[in-house]
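Beneath this line is the structure, given in C-alpha cells, with notes to follow.
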Amino acid sequence: MNAAEVERLIEAGIEDAEATVTTPRNPDQEHEDAHFAAVVVSPAFAGKSLVQQHQLVYDALEGHMTTDIHALEMKTYTPEEYDEYVGEE
C-alpha cells in the first residue's frame, strides 16, 4: 500500500474529506513497515471528539490498519480549524 492508496481510501470513506498522506520515514523493506502520516480535513469532523474523528479515519481504511498499514500518524481538522491552523504558520 502506498500513500496515494491511503489518501483514496480516506477520501472515499469520509464525506467531503481532503487527505494528504506522506511517508514520514523510510520504509524498512526487510520488515515491510508501512508508516504513514495523514492530514485529513472534513466537515464530517464537526462536533466530534478527537477520538471520534480518528475512528472515522480508521473506519475509512477498512481494516487495512491490521494488514497493510503498520502505523498512521494523523491530524484531523474541520475546514474552519484547518484554515485557522494554516493561518498560524
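Since the model is a prediction, treat every value here as computed from it, not as a measurement.
- Residues that satisfy the side chain to side chain contact (heavy atoms under 4.5 Å, CB included) test with A46, not counting sequence neighbours, are T78.
- Residue pairs that meet the side-chain hydrogen bond (donor to acceptor under 3.5 Å, both in side chains) test with at least one member in residues 7-17, sequence neighbours left out, do not exist here.
- L61 forms part of a hydrophobic cluster together with M1, V6, L9, I10, I14, V21, F36, V40, F45, L56, V57, Y58, M65, I69, L72, M74, judged by ILVMFWY side-chain heavy-atom separations under 4.5 Å.
- For N2, the side chain to side chain contact (heavy atoms under 4.5 Å, CB included) partners are A4, E5, not counting sequence neighbours.
- Of all heavy-atom pairs between A60 and G13, the closest is CB-CA, 3.8 Å.
- In this view, Y82 and Y77 satisfy the ring pair (Phe, Tyr, Trp, His ring centres under 6.0 Å) rule, not counting sequence neighbours.
- Separating the CD atom in E62 from the CG atom in D68 is a distance of 11.0 Å, to the nearest 0.5 Å.
- Applying the side-chain hydrogen bond (donor to acceptor under 3.5 Å, both in side chains) test to every pair with at least one member in residues 37-56, sequence neighbours left out, gives these pairs: S49-Q52, Q53-T76, Q55-D59.
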